[in-house]
Number of protein chains: 2
Amino acid sequence: MFKVSDRVFCSVVSDPTSAPWLSDDEQRAWMALTTVLTTLPAAIDAQLKRDSGLNFFEYTILSSLAQAPGRALRMNSLAHLAAGSPSRLSHAVSRLEGHGWVARRNTESPEGRWVEAVLTDAGATAVAAAAPAHVREARRLVFDGLTAEQVEQLTRIGYQLLRATAPHLTACMEVPGARPPT
Amino acid sequence: MFKVSDRVFCSVVSDPTSAPWLSDDEQRAWMALTTVLTTLPAAIDAQLKRDSGLNFFEYTILSSLAQAPGRALRMNSLAHLAAGSPSRLSHAVSRLEGHGWVARRNTESPEGRWVEAVLTDAGATAVAAAAPAHVREARRLVFDGLTAEQVEQLTRIGYQLLRATAPHLTACMEVPGARPPT
DNA sequence: ACACGAAGGTTGCCACATCAACTATTGAAT
DNA sequence: ATTCAATAGTTGATGTGGCAACCTTCGTGT
């Protein structure tokens with residue numbers, strides 16, 4: 001069995017020659033963060049897959065379309081909303097099309113011709129059926145264990161992290177005072 | 001282009017029939033969290049892949065072995081340390097074996113015969129070479145933007161989330177007062 | 001002694017993501 | 001007019017993770 005004394009949990013190697021190393025506090029945070037990064041998406045995906053046959057990315061696509069005016073969004077916007085690459089989105093939409101939940105359509109807007117994904121009635125039904133259990137799981141995994149204060153801290157920290165990982169997305173969110181005055 | 005007014009960023013569908021819905025605050029937190037969950041691992045993996053040809057899971061394996069006594073760990077312990085399934089670990093170790101960075105070995109300990117992964121000299125060299133840039137990236141993506149207070153908040157929140165997603169792992173970490181007295 | 005179940009570990013198959021290459025359309029430069 | 005670059009989107013090849021089946025070894029009960 002795996003004992004506490006064995007724990008070398010942190011994923012970085014101590015090497016004094018590399019100047020800016022992580023402090024003990026930072027190492028603990030890094031360990032906790034990376035483990036969450038591994039286990040939480042797996043848990044979310046597992047529930048969706050088991051109960052609805054969707055992964056989280058597909059669910060996000062359906063959900064975004066369901067909330068969009070006319071149940072349609074251009075592929076490019078959808079890729080941003082779901083934080084996925086164009087390729088990943090294209091593959092996923094093809095899959096959803098195969099289930100009859102989404103359809104592709106060409107826009108004949110004044111400026112150029114693009115591709116829109118449209119949520120079908122069957123798709124709307126599917127996402128509406130999947131949502132309640134998904135939300136319950138989000139509560140169970142995240143919100144049930146956190147205080148309201150921690151939820152706010154998490155929001156701020158999350159927004160801050162996105163400045164580095166997804167700068168083009170942070171423009172799309174109102175930031176509630178991204179970083180408290182130190 | 002993707003406009004702010006289009007934003008239906010949250011991945012849940014509003015459905016009043018499902019009793020416990022997310023509040024506005026929770027929806028913002030959920031949106032930020034899930035986007036981090038998507039983009040941060042991608043960023044970490046991208047740096048490692050580009051600079052060292054490793055993904056984060058493989059890096060964690062090498063790093064864990066490098067810090068273990070005798071540079072060796074049983075597969076089972078390693079799976080826990082890297083927060084991966086036995087199958088995923090087995091595949092990854094096979095890959096690392098192919099590069100000559102890790103070797104498998106049978107333990108002939110008193111109680112039973114298990115499999116150990118051992119870090120080779122080449123593997124130790126590889127992980128030592130990969131570490132500095134990885135740490136720099138961890139700083140850039142996470143710590144440079146956060147205050148010391150936020151790092152502590154992140155640690156507490158992370159540990160709390162792990163209670164739901166990886167209960168067997170939380171036992172292996174000392175929790176610094178997992179939840180402040182509400 | 002023998003059967004049985006549990007735990008550790010691996011393998012093969014399938015599903016999904018990434019990457020690079022490619023098409024098509026637009027708008028600007030010359 | 002023609003070319004050039006940029007943007008939108010798709011496709012196919014490749015690689016990696018999850019799942020379920022499987023093998024082995026050990027410990028236990030009878």
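So that the names make sense, note that chain A is the first sequence line, chain B the second, and so on, each numbered from 1.
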Are [X] and [N] close enough that a side-chain N or O sits under 4.0 Å from OP1 or OP2?
X	N	value
A:Arg113	D:dG9	no
A:Lys49	C:dC14	no
B:Asn55	D:dG17	yes

Query raised in the report: Does a side-chain heavy-atom distance below 4.5 Å link B:Leu89 with B:Asn76?
Result: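 B:Leu89 vs B:Asn76: side chains apart.
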
Report task. Could you tell me whether the side chain of B:Arg71 reaches within less than 4.5 Å of the side chain of B:Asp121, counting heavy atoms only? Result ->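 A side-chain contact exists here, since the closest heavy-atom pair is under 4.5 Å.
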
Query raised in the report: C:dT11, C:dC19, D:dT10: which one has an atom nearest the side-chain heavy atoms of A:Pro86?
Result: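 Closest of the options to the side chain of A:Pro86: D:dT10.
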
**Report entry** Nearest-nucleotide pick for A:Asn76, side chain only, options being D:dA8, C:dG9, C:dG12
**Finding:**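 Looking only at heavy atoms from C-beta outward on A:Asn76, the closest nucleotide is D:dA8.
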
Query raised in the report: Does B:Thr107 use its side chain to pair, donor to acceptor, with the backbone of B:Arg113 at less than 3.5 Å?
Result: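 No, because the side chain of B:Thr107 does not come within donor-acceptor range (under 3.5 Å) of the backbone of B:Arg113.
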
Query raised in the report: CE of B:Met75 versus C1' of C:dG9: gap in Å, rounded?
Result: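 Rounded to the whole Å, the gap is 7 Å.
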
Query - Between C:dT25 (C1') and A:Asn106 (CG): distance, integer Å - result: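 So the two atoms are 12 Å apart, to the nearest Å.
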
Query raised in the report: Could you state the interatomic distance from NE2 (A:His134) to CD1 (A:Ile44), rounded to the nearest 0.5 Å?
Result: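 Those atoms lie 6.5 Å apart.
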
Query raised in the report: Which heavy atom in A:Thr60 sits nearest to a heavy atom in A:Leu81, and how many Å separate them?
Result: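 Answer, listing the atom of A:Thr60 first, then A:Leu81: CG2-O, 4.5 Å.
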
Requested in this report: Please work out which of the three classes, parallel, tilted or perpendicular, describes the rings of B:Trp30 and A:Phe56, given edges at 30° and 60°.
Outcome: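 Taking B:Trp30 first and then A:Phe56, their aromatic rings stand perpendicular (interplane angle over 60°).
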
Query - Earlier contact from the 5' end, DNA chain C, for A:Glu58 and B:Ala46 - result: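 Per heavy-atom nearest nucleotide, the more 5' residue is A:Glu58.
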
Requested in this report: Enumerate the residues from residues 88-104 of chain A whose closest heavy atom to DNA chain C is under 4.0 Å, giving them by residue number; use none for an empty result.
Outcome: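 Per residue number, the list reads A:Arg88, A:His91, A:Arg95.
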
Report task. Using a heavy-atom cut-off of under 4.0 Å over every strand shown, decide if B:Ser85 touches base, sugar-phosphate, or nothing. Result ->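 The residue B:Ser85 makes sugar-phosphate contact but no base contact.
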
Query - CG/A:Asn106: more than 12 non-hydrogen atoms of other groups inside 6.0 Å - result: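 Yes - once you tally the heavy atoms of other residues, nucleotides and ligands closer than 6.0 Å, there are more than 12.
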
Within the sub-3.5 Å range, which N or O atoms of nucleotides 21-24 of chain C have a protein N or O partner, and how far apart are they?
none

